[in-house]
Amino acid sequence: MVVMPVDWINGVAAVTAARAFHFCRRFLPIPKWLRPYRTAWLRADLIAGFTVVTLLVPEGMAYAQIAGLPPQSAFYAAPIGLLAFALLGSSRQLVVAMSAAIASISFATISRISDPHSAHFIVLSAALAVVSGVICILVGALRLGRLARFLSESVNVGFVSGLAVMIAANQLPKLLGLEGIRGNFWQILDKLLQHLSDAHGSTIIIGSLCLTLMIALERTVRNVPAALITIGFGIGASLIFSLQQYGVPVVGQIPAGLMPPQWPAISVQEWLMLVPGGMGLALVTFAEAVGPARAFSVAHGYPIDPNRDIIGIGAANLGAGLFHGFPIGASLSKSAANDRAGAKTQLSCLIAAIGIAFVALFFTRWFYALPEATLAVIVIVAVSSMVRLKKLGQLFRTHRTDFVLSCLTFLAVLTLETMEALLLSVACSLFMLVWRSSHPSLAVLGRVNERFEFADIRLNLATQTFPGLLMLRPNNGIFFANAEGLREAILHEVQASSGPLKAVLIDLAATNDLDAPSAEALAGLLKDLQGQQLAVMLTRVSDSVRGGLVRSSVSYGNGVSFYASIVEALVSYLSADNQLAVVDEIVKSGIKTVQMLASVYHSTASSEVKSD
């Protein structure tokens, strides 16, 4: 037997520990908030964690039913989801758990493949969480989080608002004690009106009482768990009045405990069928998570990594799938509650994960008498905040085109299947991106009086123009889709000029690179201007843009000049045109600007010295 030297073993152990520590520092965000952790934060994180639990238990069971699953599925998905994001995500207030939108998309995806009442439906839901999680992890690892921007804010408002109305419509039959009513929003509404006479009286009474109670608590007492109190009321009423004997549907027995991890046993064909739904879930997850995470980071003054958050959400979904759960995402309501409760770090989510596991192990037997109408009430009240009427009103006042697109997306969700509506939303976003990019915006510049700034003369009347010089600035980057349109717009401005021109100044600050078609179009524009005996002055040209022009046979000289700034080009033109008085005024204005900046700097520096 070979005995290894003690020093060698200690050295290997030290190297291994150092590498493990380096791995944790690089790939896990925990050291970033654990090292500066203060004991004074512990109370706030504990309160926030318990607050999340009080919201997650009732809403989680309700959202599980939106996904077409038994309530206990929420207890399988939540703990591992909270734990995974707390370990891997960079946002310290974001809560990754059950989401109404994600649950609705999950149901729409799986119901196409399997019967919602079958055991295989549960397995497929777990598999969809795995697929969505793997996609999120890949997107985050490849640093492609910006793909979420392809679902524009205005389209996303319409999609989420329509999804909220659709989710609420699906809960109405449970409030009325009606069964077998499904379809799109209009079909559900039509069937409800036809079968209104068949509504179950006792179910309506308990549902109405729970709805009244929850709305009253939400509006009058903001610091109490309204959903949890409503569940307690529903269970108490069900037990005291034996509502099940009167035909009121109840949740029934919920198995206690947590499930061990298991790979979903489905066929290769079914895995492939889940990929489109997984991609759609990933896209909605990105769009839901990025905005709140950025808002929390700004409010609390710490940096975030969106790609790291996407990896965290992916790991949460992967874990939820392996532990017999269903797809989850960033929960806006629980994240806001977590922040309002004073959460300082992701320790609050770790505490919430422990709390949910504790409930799953010891308290599920108390939910057997819970009326399904009570869960429907919790869903309806929860999704009501997803209908963003204020944002729609703002779009109507400021951007009518975006408002129309938002309304079209809203109607699409109510009329089409959820996945078709999601695809339509993405298509609308891409269409608007291409349409706006291919319709160039061109500013005609003038100098803001006595300052070193330049603005569009059509938007700012207090601007100074210069005889013989036309100053232009494309407000969008030049690329193949808008290059020819921009060329035509610039030539139109030249033709529409009120006086004879000697030179055209084009500011290319918005263009970082040129593809081959745009480089050829810009080179053709310069030749057109030179053909009209006009000098061409290009300002703020990046190295890559200049390289593209050089490859298109455009170089310094031959009527084309490059300048580092608009001021430099302007002074050069005025000097060559013997407008020396104007040059002198510009120089004096520049000296005043420098003096003003120096004065501001000195006053700031002196105030900092005094404070020290």
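The chain is numbered in sequence order, starting from 1.
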Only pairs at least two apart or in different chains count here, so list each salt bridge (charged side-chain N to carboxylate O under 4.0 Å, His left out) that has a residue in residues 372-389. Glu153-Arg388
Stacked cation flag Arg92 on Tyr302, 6.0 angstrom / 45 deg: yes
Validation: residues 203-211 side-chain donor-acceptor distances under 3.5 Å, sequence neighbours left out:
residue: Thr203; atom: OG1; partner: His200; partner atom: ND1; Å: 2.9
residue: Ser208; atom: OG; partner: Ile204; partner atom: O; Å: 2.7

Nearest 0.5 Å, please: how far is CG in Leu395 from CG in Asp402? 6.0 Å
Does Phe121, at its CZ atom, have more than 12 non-hydrogen atoms belonging to other residues, nucleotides or ligands within less than 6.0 Å? yes
Sequence neighbours excluded, the answer for side-chain contact (heavy atoms from CB on, under 4.5 Å) partners of Ile354 is none
Table please: side-chain donor-acceptor pairs of residues 57-65 below 3.5 Å, with sequence neighbours left out.
residue: Glu59; atom: OE1; partner: Lys334; partner atom: NZ; Å: 2.8
residue: Gln65; atom: OE1; partner: Lys174; partner atom: NZ; Å: 3.3

In Å and rounded to the nearest 0.5 Å, what is the CD1 to CZ distance from Ile310 to Arg143? 9.5 Å
Side-chain contact, heavy-atom cut-off 4.5 Å: Leu392 with Val387? no
Would you be so kind as to tabulate the donor-acceptor pairs closer than 3.5 Å made by side chains of residues 356-370, with sequence neighbours excluded?
residue: Thr364; atom: OG1; partner: Ile254; partner atom: O; Å: 3.3
residue: Arg365; atom: NH1; partner: Phe362; partner atom: O; Å: 3.0

Gln93 side chain vs Ala343 backbone, donor-acceptor pair below 3.5 Å: yes
Identify, with sequence neighbours excluded, every residue that meets salt bridge (charged side-chain N to carboxylate O under 4.0 Å, His left out) alongside Arg112. Glu420
If you apply the rule side-chain hydrogen bond (donor to acceptor under 3.5 Å, both in side chains), what do you find for Asp305 with Ser90, and how did you get there? CA-CA 6 Å; Asp305 182 353; Ser90 66; over 6 Å; no
Report all side-chain donor-acceptor pairs from residues 315-327 shorter than 3.5 Å, counting only partners two or more places apart or in another chain.
residue: Asn317; atom: OD1; partner: Ile328; partner atom: N; Å: 2.9
residue: Asn317; atom: ND2; partner: Ile313; partner atom: O; Å: 3.1
residue: Asn317; atom: ND2; partner: Ile328; partner atom: O; Å: 3.0
residue: His324; atom: NE2; partner: Pro260; partner atom: O; Å: 3.1

So, using side-chain hydrogen bond (donor to acceptor under 3.5 Å, both in side chains) as the criterion, who are the partners of Ser348 when residues are at least two apart? Asn338
Hey, is CE on Met259 packed in by over 12 heavy atoms from elsewhere, all under 6.0 Å? yes
Nearest 0.5 Å please: distance from the SG atom of Cys136 over to the CG atom of Asn307. 11.5 Å
Check whether any side-chain N or O of Ser406 sits under 3.5 Å from a backbone N or O of Phe403 as a donor-acceptor pair, and report yes or no. no
Are the side chains of Val52 and Cys349 in contact, using a 4.5 Å heavy-atom criterion? no
Where at least one partner belongs to residues 236-253, residue pairs that pass side chain to side chain donor-acceptor pair (under 3.5 Å), sequence neighbours excluded: none
Give a yes or no on whether the backbone of Gly158 and the side-chain of Ser161 come within a donor-acceptor separation of less than 3.5 Å. no
Going by heavy atoms in the side chains, are Pro264 and Trp271 under 4.5 Å from each other? yes
What distance separates Leu69 CG from Ile110 CD1, expressed to the nearest 0.5 Å? 9.0 Å
Please name all residues satisfying side-chain contact (heavy atoms from CB on, under 4.5 Å) with Ala216, sequence neighbours left out, ordered by chain then number. none
Do side-chain atoms of Gln346 reach the backbone of Ser91 as a donor and acceptor pair under 3.5 angstrom? yes
May I ask you to check whether Ser114 and Ser118 show a side-chain donor-acceptor distance below 3.5 Å? yes
Check whether any side-chain N or O of Ser73 sits under 3.5 Å from a backbone N or O of Pro70 as a donor-acceptor pair, and report yes or no. yes
Determine whether a donor-acceptor pair (N or O, by modelled atom type, separation under 3.5 Å) exists between the side chain of Ser106 and the backbone of Ile102. no
Go through the structure and list residues passing salt bridge (charged side-chain N to carboxylate O under 4.0 Å, His left out) with Asp339, not counting sequence neighbours. none
From His300 atom NE2 to Thr345 atom OG1, the distance as rounded to the nearest 0.5 Å: 11.5 Å
Do Arg43 and Lys344 come close enough that some side-chain heavy atom pair is under 4.5 Å? no
Is the closest side-chain heavy-atom distance between Leu350 and Leu82 below 4.5 Å? no
Backbone of Ala129 reached by a side-chain donor or acceptor of Ser132 within 3.5 Å: no
Any donor-acceptor pair under 3.5 Å from Asn184 side chain to Leu416 backbone: no
Contact check, side chains of Trp263 and Val130, non-hydrogen atoms, under 4.5 Å: yes
State, with a plain yes or no, whether a side-chain heavy atom of Ile66 is found less than 4.5 Å away from one of Phe107. no
Going by side-chain contact (heavy atoms from CB on, under 4.5 Å), name the residues that satisfy it together with Leu175, two or more places apart in sequence or in a different chain. Leu172, Ala373, Ala376, Val377, Ile380
Do Leu94 and Pro292 have side-chain heavy atoms sitting under 4.5 Å apart? yes
